Protein chains: 2
Amino acid sequence: MYTIKEVAKKMEVSEHTLRFWAKCGFFPFVERDKNNVRVFSESDLDWVKIVKCLRACGTDNKSIKKYLTLCLEGDSTLKERFDIIKETKKKALSKMEELKQQLEMLDYKEQFYMDLIKNNKKDIWNPISASK
Amino acid sequence: MYTIKEVAKKMEVSEHTLRFWAKCGFFPFVERDKNNVRVFSESDLDWVKIVKCLRACGTDNKSIKKYLTLCLEGDSTLKERFDIIKETKKKALSKMEELKQQLEMLDYKEQFYMDLIKNNKKDIWNPISASK
DNA sequence: TACTTGACTGAGAGTTGCTATCAAGTTATA
DNA sequence: TATAACTTGATAGCAACTCTCAGTCAAGTA
């Protein structure tokens, strides 16, 4: 059993964000102790992990709430949830692909700057000169 | 030479965003025609590409503006710009790593749902049951 | 020539997803 | 007993868009 602070540390999500997510209705099943303090169970952490995953893949909070609702509705929504996961995978893969391209660009730029610095050349590609 | 609309289409950035970026001071060198319409040159597109890249890697707009300022200052800032690119690469790589992990998780989930659907099993992992 | 259509412009309001601040309540420690 | 260390929700602020809109201009059409 974990307090919100412990969850924040363990899952690398800020307390602020966890409270915000709570307000979004992401944790309707998280229990409270007699002082109204949230008590996260081990399996609640699994759910936090899923939320983190969906967010990282670009899913907006409304859709996460919807996914949760489907989960809570039970087995009749399995197919729909499966589709959401597949869709999320697609988004993640395309993000990956984009990052790969950006990395190529950064590699090129890095090399470019390195050459300029090493050989004491002029920066011929530079927004000023480039726009002329 | 391109209008903002053409740039938007070519670079896959919305016109709104381009105007917003313009307001952020990202395009001080983009020329205007006699009707005050922005005219992007081929090399301005290269700069848009760099902005896109930096944004995709998580650089905030203030830092992008700063990078631009360094570019405009000329060769004396080469080393500093080189460091920014290296830092950006680091961020991109760690984003990549995170995405890879999220993908693993999604693969697992996908398989999991597939099994449940195929074998008509009950969803034993479900926020409800999981939180009990 | 008047009229419509279709850019493009900047100003400003609205949205999302945090992020920070704060007062109020509870518990542990000195 | 007081004071520090938690928690809570409410609220404000922020970044980066995103949308709406009134206004300007140019070209095409009746």
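Hydrogens, waters and symmetry mates are skipped; everything else that's a heavy atom, side chains included, is used. In the text below, chain A, chain B and the rest are named by the order of the sequence lines, each starting its count at 1. Computed from a prediction, not measured in an experiment: that's the story for all the values here.
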**Report entry** Under-4.0 Å side-chain N/O to phosphate OP1/OP2 contact, Thr17(B) with dA16(D)
**Finding:**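 Indeed not, no polar side-chain atom of Thr17(B) lies that close.
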Report task. Kindly say if Trp21(A) contacts the phosphate of dC18(C), meaning a side-chain N or O under 4.0 Å from OP1 or OP2. Result ->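 For Trp21(A), the contact criterion (side-chain N or O under 4.0 Å from OP1 or OP2 of dC18(C)) is met.
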Query raised in the report: Hey, are Lys66(B) and Glu80(B) close enough for a salt bridge, meaning a charged N less than 4.0 Å from a carboxylate O?
Result: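 Glu80(B) and Lys66(B): salt-bridged.
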Requested in this report: Flag the pair Lys100(B) and Glu97(B) as a salt bridge only when some basic side-chain nitrogen lies within less than 4.0 angstrom of an acidic carboxylate oxygen.
Outcome: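 Judged by the 4.0 Å cut-off on N to carboxylate O distance, Lys100(B) and Glu97(B) do form a salt bridge.
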Nucleotide [N], atom [atom2] - distance to [atom1] of [X] in whole Å:
X: Asp33(B); N: dT9(C); atom1: CG; atom2: P; value: 8 Å
X: Tyr2(A); N: dT7(D); atom1: OH; atom2: P; value: 15 Å
X: Lys5(A); N: dA5(D); atom1: NZ; atom2: C1'; value: 8 Å
X: Glu31(B); N: dT9(C); atom1: CD; atom2: P; value: 14 Å
X: Phe20(B); N: dT20(D); atom1: CZ; atom2: P; value: 18 Å

Query raised in the report: Considering only dG17(C), dC8(C), dT19(C), which nucleotide approaches the side chain of Thr3(B) most closely?
Result: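 Of all the options, the side chain of Thr3(B) is nearest to dC8(C).
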Using nucleotides 25-28 of chain C, report all nitrogen or oxygen pairs with the protein that are shorter than 3.5 Å.
from    : atom 1 : to       : atom 2 : distance (Å)
dT26(C) : O3'    : Asn35(A) : OD1    : 2.9
dT26(C) : O3'    : Asn35(A) : ND2    : 3.1
dT27(C) : OP1    : Lys34(A) : NZ     : 2.9
dT27(C) : OP1    : Asn35(A) : OD1    : 2.6
dT27(C) : OP1    : Asn35(A) : ND2    : 2.2

Query raised in the report: What are the two closest heavy atoms between Trp47(A) and Phe26(A), and how far apart are they?
Result: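 So the two residues come closest at NE1-O, 2.7 Å.
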Requested in this report: For Ser14(B), answer base if it contacts any base atom (sugar-phosphate contacts may also be present), sugar-phosphate if it contacts only those atoms, and nothing otherwise; contact means non-hydrogen atoms under 4.0 Å.
Outcome: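 Nothing, no nucleic acid heavy atom in range.
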Requested in this report: With heavy atoms under 4.0 Å as the rule, sort Glu15(A) into base, sugar-phosphate or nothing.
Outcome: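 Sugar-phosphate contact only - Glu15(A) comes under 4.0 Å of backbone atoms but never of a base.
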Query raised in the report: ring-ring contact (aromatic ring centres under 6.0 Å, His included) with Phe40(B): which of Trp21(B), Phe27(B), Tyr2(B)?
Result: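 With Phe40(B) as partner, ring-ring contact (aromatic ring centres under 6.0 Å, His included) holds for just one option, Phe27(B).
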**Report entry** Among Lys95(A), Gln101(A), Gln102(A), the one residue meeting side-chain hydrogen bond (donor to acceptor under 3.5 Å, both in side chains) with Glu98(A)
**Finding:**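 The option that passes is Gln102(A).
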N/O contacts under 3.5 Å, protein versus nucleotides 10-16 of chain C?
from    : atom 1 : to       : atom 2 : distance (Å)
dG10(C) : OP1    : Arg32(B) : NH1    : 3.3
dG10(C) : OP1    : Arg32(B) : NH2    : 3.0
dG10(C) : OP2    : Arg38(B) : NH2    : 2.5

